[in-house]
Each structure stands twice: as C-alpha cells, then as structure tokens.
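Working notes, structure below.
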There are 2 protein chains.
Amino acid sequence: MTGRSPKSELYDHFSRVGKALASPARLEMLDLLSQGEKTVEQLAGQARLGIKNASAHLRTLREARLVEARKDPPYVLYRVADDAVLRVVRELQALARERLAEVEQITRTYFEAPSDLEPIDVHQLLERLEEGAVTVLDVRPRDEYTAGHIPGAVSMPIEELERRLAEIPPGRPVVAYCRGPFCVFASEAVDTLQKYGFAAQRMKSGVPEWRLAGRAVATGER
Amino acid sequence: MTGRSPKSELYDHFSRVGKALASPARLEMLDLLSQGEKTVEQLAGQARLGIKNASAHLRTLREARLVEARKDPPYVLYRVADDAVLRVVRELQALARERLAEVEQITRTYFEAPSDLEPIDVHQLLERLEEGAVTVLDVRPRDEYTAGHIPGAVSMPIEELERRLAEIPPGRPVVAYCRGPFCVFASEAVDTLQKYGFAAQRMKSGVPEWRLAGRAVATGER
DNA sequence: ATCCTATTCTAAAGAATGATAGAATGAGTG
DNA sequence: CACTCATTCTATCATTCTTTAGAATAGGAT
C-alpha cells in the first residue's frame, strides 16, 4: 500500500479520502458537522456513539484533512474543513440514492411523510421567499440555527413546535427545513402543521445545500 | 455495522459506496474504466495488479453498484455504471488535491511537464475547436480512442507519436489530451512536440470530463 | 499549586479487508 | 462431447480498521 511509483502514491492519497468516507459513523458525523461546529460530546450524542469512539473517528477525519479542530476551552470544536468536503459527501449520497435501491426505499419509507407530496428545493424556496408570502421554519436544534440558517427563517426546534403553533401566522403557507434530505425533523413538522390546518411543505435540503448554491447564510439568535 | 434504526441503515448504505472508494487499486480501476469498458486482463495490466486480485476488486465495485459487467465471450467487459460515479470520483480527487498538499506536489512534479505552462480546460478547447485552427491529439491507447474520443481528435498513442510526427500539420497549434488530470501521456506528448518545434499544449482533463460537460463523444476508428 | 473537566493517547481484542493459490464455472469451439 | 480459455468462487493468512478501556494531557478555576 506504500507508494512506489508516483501514480500509485497519488492513488494512495486519493484513497485516504475514500477511507475517511468508508464508515457510517464518519459519514454521519460529517453530516452533523455540516450544520456547524460541534464538540466531541455533541457529536457523540447526536450520532449515538461513545465519546472515545467519536474522538477516534474524528482523528481519522482530521488525518484525512476533512475536518479541522479549534480550541475553545474547555471544549474542542470541530468543523468541516472545506466546502469541497460537503460536495463530495453530497455526491456520494446522491450516488448511493441513485444506484442502491435500498436507499431510495428507506428514504421514501422513513424520511418522507405520506402527506408530504411535493417537497420543494432550494431554488423554489428562493422564489417563494422573494414573493414574500411564506413562513420558513428551521426545526433543527437551536444551536444549529445559531451557527447558520436561511435568512428570514424562524428557529422552531421540533420539540417546541407543538406548543408554539400560535406564533405561526395562520392562513399563510409554511415551509419547514432541517439538516438535509435524510433528516426526519422537517417531515415530522409538516405532519404536525398539516394536522393543525396549516398549508405546510418540506424543503428537500438544508443549510449546507443553500450555502453550496451560493446563497448567504445568516448567523446568530434571530 | 448492521442497521438497527433507519438512520443507521441509511448510513450503512452510504458507507458501502465509501468503502468501495477506499482502496487505491479500485480508484485507479475506476479511472481506467472511465475511458471505456475493459476486460479484467486489461485492467489488471494497466493497474499492475494480479488478475485474481483485480477480479476481487471488481467484485467489490460491482457489489457497491459502481460498475457493471457485460459478457462478450470469451471476455467479460466491465464499465462504470453511471455518470454519477464519475462525478463522485472527480470530486474526491479534487478534494484530495485541494486538501492534501502531497497530492498537489506530486501532480506538479510528475504530471505537469516543466514546459507545460498553461494547460487548457474543456471550455477553452471547445472555443479553439470552434475557431478551427487547432490539431487535437488523443495520445491514449488506441482502444480507448475507439471507445470514445473528442470529435475531431486524431488517435496518436504516445508510443507512436515520435515516428508519426510527419502526419501533424506544421505551423498549427496542437493540443494533446489523455485520460485526465493524473495521466502522464499528454505531458510527455507536449514535451516531445515542443522538442520538434510544435506549439503544443496539454489539456488538463480527458474524455470523462468532456462527457460530463455535456459534449458529444465520438466512437469508432477515425 | 492543586483540582476539575474535556479530550486525546495507548493498548488490545474482535471484525473486516486484501492478496493470492487452487478448484470450479461457463460459454464457445473443434 | 470433450477441450479451451477467461473469469469467478472458495479458502487462507497477513494486515488493517473498529471499538472500548485505562492512562495521560491540557487548560481554566479554586
């Protein structure tokens, strides 16, 4: 596996990136880190891993230069090193969805609510935002909203949605988004909203796709 | 590693693709297969692997649905299953080049001739083809030219170049291309051509990038 | 200084992957 | 119907990856 010719050395390096993407745990952590920087503890919790295990995977990711760390005592905050990482992960997921029938089936069964007839994409959301007649809800945990959200969106973590329905202007269409195409929060939100009579729709993608589409991302509390 | 929740099942499937991309041998074979379908024997020879080993890697790639096989007795011909595979491999290589300094350095040292000041890209080649005043040389092995080449290009495998120089119109700029950004044939060709007084340039990419850019690909002998 | 906390480092067992040899398959061909 | 050839399947061993436990580090806080 050690490179003798320049060519095999080159492919050895390419495979460093491939190896970093060869574990479900690391792919999930990359998805989580796409939402903004996180501590080891947050990552371990959200990906349901032990802390030591999460730390080991993070080391692998860091050695492949896909993530970077920053100290903010007493924490260490990890983040995705480059938008190119997001592009690769997104292409990999798109490929898996296209080529592996199981992925498409799981997606349909678990990540798209039955009522969820027509999720909209980044461009459609943009159009409707320009028309001005839509309420956009960010149903991710609040710290992910703070780290970066679609301008104009309201932070409404999924656990708070049901008791904060009064804050949503009635008679106005609502769009909910979460982390991306494989995040359940948005479909759950759409289900709840429709149950209470709102014209609700899910956005297929999340903030990372919004960013990659070249749109500005807002940070901070509100 | 077996999926319990839908989410972990999903990431297990994503990692199937990642695992397939986690070996230098498989990444090299994907690059070779991007040039057109090949037999196990051709692949093993071009990637310097044993036949059985190559076959085992091909099985892995096939199980991840990244390549497909077709029988043409007595041979089995392999091909890349989908353009999405090319996109992922390209993004992965771009990421490695951007994030891993070693890759950039190897590329500069071995894959770009010193005289090779300004390699052109797909769009620039297209412009110059439309102007009409450029000779395009395909310096890959002849069977790869046959499997698919840039319309108007002449097949001139690198081993034949030096004794076929008389066929190249003098006083006219020449562009040489091979398999892609990490293929040495084109730089070697540019060196040789410049030595004999031609105004020669290398194209950075190859037929796969041309295809992905939505351009038509010509097949057959000439 | 010493304590405290988050995190990494070290080490080791278990699981998965890689390379290769030998047997088996399977589709023409004589 | 056997023969031939390319290729795959099966089995093996060495290597690498994953996970987890225990020790060590680093940086504030007391």
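As the structure is a computational prediction, the values presented were derived from the model and not from experiment. Per chain, numbering begins at 1; letters A, B, ... match sequence-line order. All values below were derived from every heavy atom in this structure, side-chain atoms included, with hydrogens, water molecules and symmetry-related copies excluded.
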Round to the nearest Å and state the distance from [X] atom [atom1] to [N] atom [atom2].
| X | N | atom1 | atom2 | value |
| --- | --- | --- | --- | --- |
| A/Arg26 | D/dC17 | CZ | C1' | 8 Å |
| A/Leu58 | C/dT7 | CG | P | 10 Å |
| B/Leu21 | C/dT17 | CG | P | 14 Å |
| A/Lys19 | C/dA16 | NZ | C1' | 13 Å |
| A/Asn53 | C/dG14 | CG | C1' | 14 Å |
| A/Arg62 | C/dC9 | CZ | C1' | 12 Å |
| B/Arg16 | C/dA16 | CZ | C1' | 16 Å |
| B/Asp72 | D/dT7 | CG | C1' | 14 Å |

(request) Please list, chain by chain and in numerical order, all residues satisfying ring pair (Phe, Tyr, Trp, His ring centres under 6.0 Å) with B/His13, sequence neighbours excluded. (result)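 Here no residue qualifies.
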(request) Ignoring backbone atoms, test whether A/His57 places a side-chain nitrogen or oxygen under 4.0 Å from the OP1 or OP2 oxygen of D/dT19. (result)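 For D/dT19, OP1 or OP2 has a side-chain N or O of A/His57 closer than 4.0 Å.
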(message) Enumerate the ring-ring contact (aromatic ring centres under 6.0 Å, His included) contacts for residues 47-70 of chain A, please, sequence neighbours excluded, ordered by first and then second residue.
(response)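 Qualifying pairs: none.
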(message) Does anything in residues 144-168 of chain B form a ring-ring contact (aromatic ring centres under 6.0 Å, His included)? List the pairs, not counting sequence neighbours.
(response)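 Sorted pair list: B/Tyr145-B/His149.
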In chain order, what residues pass the side chain to side chain contact (heavy atoms under 4.5 Å, CB included) check against [X], with sequence neighbours excluded?
| X | answer |
| --- | --- |
| A/Leu126 | A/Glu130, A/Trp210, A/Arg215 |
| B/Arg65 | A/Arg99, A/Leu100 |
| A/Pro181 | A/Arg97, A/Glu209 |

(request) Tell me, with the steps shown, if B/Gln46 and B/Met29 meet side chain to side chain contact (heavy atoms under 4.5 Å, CB included). (result) CA-CA 9 Å; B/Gln46 293 174 351; B/Met29 290 203 290; over 6 Å; no
Might you list the N or O atoms of the protein lying below 3.5 Å from N or O atoms in nucleotides 3-5 of chain C, with each pair's distance?
none

(message) Which heavy atom of B/Val217 sits nearest to which heavy atom of B/Arg211, and what is that distance?
(response)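 Smallest interatomic distance, heavy atoms only, reads CG2-CG, 3.0 Å.
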(request) Could you check B/Ala69 against A/Ala56 and say which one's nearest nucleotide on DNA chain D is further toward the 5' end? (result)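 Comparing both residues, the 5'-ward one is B/Ala69.
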(request) Can you sort out the partners of B/Glu167 under side chain to side chain donor-acceptor pair (under 3.5 Å), two or more places apart, ordered by chain and number? (result)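 For B/Glu167, the residues satisfying side chain to side chain donor-acceptor pair (under 3.5 Å) (neighbours in sequence not counted) are B/Arg164.
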(request) Could you list the residues that satisfy side chain to side chain donor-acceptor pair (under 3.5 Å) with A/Gln93, not counting sequence neighbours? (result)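 For A/Gln93, the residues satisfying side chain to side chain donor-acceptor pair (under 3.5 Å) (neighbours in sequence not counted) are A/Asp31.
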(request) With a 4.0 Å heavy-atom cut-off, tell me which residues in residues 31-51 of chain B come close to DNA chain C, sorted by residue number. (result)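 Those residues: none at all.
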(message) Test of understanding: with salt bridge (charged side-chain N to carboxylate O under 4.0 Å, His left out), list the residues that count as partners of A/Arg59, not counting sequence neighbours.
(response)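 Partners of A/Arg59 under the salt bridge (charged side-chain N to carboxylate O under 4.0 Å, His left out) test: none.
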Is there any protein nitrogen or oxygen under 3.5 Å from a nitrogen or oxygen in nucleotides 22-27 of chain D, and what are the pairs?
from: D/dG22; atom 1: N7; to: A/Lys52; atom 2: NZ; distance (Å): 2.7

